Protein chains: 2
Amino acid sequence: MSLDGQLPPKLRLLRAAAELLAKSAGAPVSTRQITQLAGVSAPTLYHHFGDKEGLFDAVVAAGFEEYVAGERDFAPSGQPLEDIRRMWDNHVQFGLNQPELYLVMFGNIRPESRPAIVADAEALMEEMLNKAAAAGQLNVQPREAARSILAANVGVTLMLIAEPAAERNLELSTMTRDAMIFAVSAEPASGPAPGGAGKSSVVVAAIALNAALQASHSDQLSSSELKLFLEWLHRISTTPAG
Amino acid sequence: MSLDGQLPPKLRLLRAAAELLAKSAGAPVSTRQITQLAGVSAPTLYHHFGDKEGLFDAVVAAGFEEYVAGERDFAPSGQPLEDIRRMWDNHVQFGLNQPELYLVMFGNIRPESRPAIVADAEALMEEMLNKAAAAGQLNVQPREAARSILAANVGVTLMLIAEPAAERNLELSTMTRDAMIFAVSAEPASGPAPGGAGKSSVVVAAIALNAALQASHSDQLSSSELKLFLEWLHRISTTPAG
DNA sequence: TAGCACCTATAGCGTTGCTATATGAACTGA
DNA sequence: TCAGTTCATATAGCAACGCTATAGGTGCTA
């Protein structure tokens, strides 16, 4: 009943913890279970991870690396908004494949514990949205769009996890996904919308230029000029213009 | 250090558990802490609630009643979509006011434990969306819209809870809220438009912004600022960058 | 071979969730 | 009026929990 004895104890502990967590269905996993499955004695756990929480943090960190790897795994399609869709779907799939890990990562977040994971996930999505902004496809700041989309993505994934697997309807995901992308994208070009969606072309262009400048290291302006320029650009792109 | 001795022990246990949970910051709350604060002995807890989990389920149920009461508390404005906005804001505020309770209710949801709460919350929102649908303001089925909006609402609330209180930016909430409502509302009458072919660079973006600025009479910059801004914009857009 | 980190194990502490059992109070029916 | 019954609380204690004081073994460098 123990994991292969050839791997180093630290790794065996990690795997045992991850395995028991995945099977736990929310019930607490004891250190004794973990160390027994790993074929190791109690103090070894505390030597390597300091804490039960330290061990679980390490499991979460490993899970997050897997998540990031999945989010980067596909080649950019050249259509940034399409790539955002794939990031979204990938996120949902990760959550459904490893629900317990996901619940620890995104369901149990507290200010004092793990905001770093959220920040990293946001950065990942913002990176992709920068490309959309550079292509003039965004009508809000990439950072705000990333935070908003990720929040909805997390909410949808949690809801799907909460449903019995048999009843899961992924339309909830695709519908919410497209609604969010639709709302932040510059494309629709229809009449002004309530609540600030549908910005003027000045804002769209300013956001696109801002993103393009961030990515290109233009040297046409001195650093002090650039600083002031970006400040004005920000002013233009954050407040609706006539 | 014990709660008023006049209330029945069952109620005292409930309040003690809720109070300790709220202060716990995620750390586990022991039954001994609870029973001591309630001024009661261990078996009393098990007599009334069977289980530690049973007690916490009761706390959650009470919290949910409070949530529902809050969601019903305001008079319908006659504009269903406006009422949805208020429901959304109310939901977020509930989560920020009682983060620990909220995390148990919506952050730790598993198929085998509490989908009932989600179903009830969805029903609450669907009820309101039915009015919008009856007024011809909805793009999709009320049930699907309710599920989608609630999912985003939960995601946003969790993200805000995860942030240190000082850094919380409620714009994330209003932006996501309006994006979701915009997407499900019948007003725009145009479908999502996946990625356009606008491949862009700093130069193209600068030119686009320049043209947009000329046409829009933005007043975000003073005239002297604008003059310098346009000059820099010209410099950027006439010489290839990066 | 001596010394020294590093890693792991034995044994056990204090606390946890929970319960077997007993005691008291309140109601019932004759 | 009072035994019988039911409900509610308390005493005391069990097995399992997270964690640690201490010590022993291993492989390096000198």
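Only a predicted model underlies this, so the values are computations on that prediction, with no experimental measurement involved. So you know, we letter chains A, B, ... as the sequences are listed, proteins then strands, and number each from 1.
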Original post:
Would the A/Tyr67 and A/Tyr102 ring centres measure less than 6.0 Å apart?
Top reply: no
Original post:
Given C/dT8, D/dA10, D/dT20, which nucleotide is nearest the side-chain atoms of A/His47?
Top reply: C/dT8
Original post:
Looking only at side-chain N and O atoms, does A/Thr31 come under 4.0 Å of OP1 or OP2 in D/dG18?
Top reply: yes
Original post:
Over how many whole Å does the gap from A/Phe49 atom CZ to D/dT20 atom P extend?
Top reply: 16 Å
**OP:** Inspect the contact between B/Glu163 and B/Arg168 and indicate whether a charged nitrogen and a carboxylate oxygen are less than 4.0 angstrom apart.
**Re:** no
**OP:** Ignoring backbone atoms, test whether A/Ser30 places a side-chain nitrogen or oxygen under 4.0 Å from the OP1 or OP2 oxygen of D/dA16.
**Re:** no
Original post:
Closer to the 5' end of DNA chain D via nearest nucleotide, is it A/Gly50 or B/Lys10?
Top reply: B/Lys10
Subject >> Flag, side chain of A/Lys52 to backbone of A/Val29, donor-acceptor distance under 3.5 Å >> reply: yes
Subject >> Nearest listed nucleotide, side chain of B/Ala42, among D/dA10, D/dA12, C/dA9 >> reply: D/dA12
Original post:
Atom CG of B/Leu55 and atom NE2 of B/His48: how far apart are they, to the nearest 0.5 Å?
Top reply: 11.0 Å
Original post:
Can you check the B/Tyr46 OH to D/dG13 P distance for me, whole Å?
Top reply: 18 Å
Subject >> Whole angstrom value for the distance that separates P of C/dT16 from NZ of A/Lys52 >> reply: 14 Å
**OP:** Give one of base, sugar-phosphate or nothing for B/Pro9, where a contact means two heavy atoms less than 4.0 Å apart.
**Re:** sugar-phosphate
Subject >> Short side-chain to backbone donor-acceptor contact, B/Ser148 and B/Glu144, under 3.5 Å >> reply: no
Original post:
CD1 of A/Ile34 versus P of D/dG18: gap in Å, rounded?
Top reply: 8 Å
Original post:
Separation of A/Phe56 atom CZ from D/dC17 atom P, in whole Å?
Top reply: 12 Å
Subject >> Selected nucleotide, minimal atom distance to A/His48 side chain, candidates D/dA8, C/dC7, C/dT16 >> reply: C/dC7
Subject >> Atom-pair distance (CG on A/Asp51; C1' on D/dG18), nearest Å >> reply: 9 Å
Original post:
Mapping A/Ser41 and A/Arg32 to their closest nucleotides on DNA chain C, which lands nearer the 5' end?
Top reply: A/Ser41
Original post:
Please give, in whole Å, the distance from D/dA8 P to B/Leu45 CG?
Top reply: 14 Å
**OP:** Report the distance from atom CD of A/Gln36 to atom C1' of D/dG18, rounded to the nearest whole Å.
**Re:** 16 Å
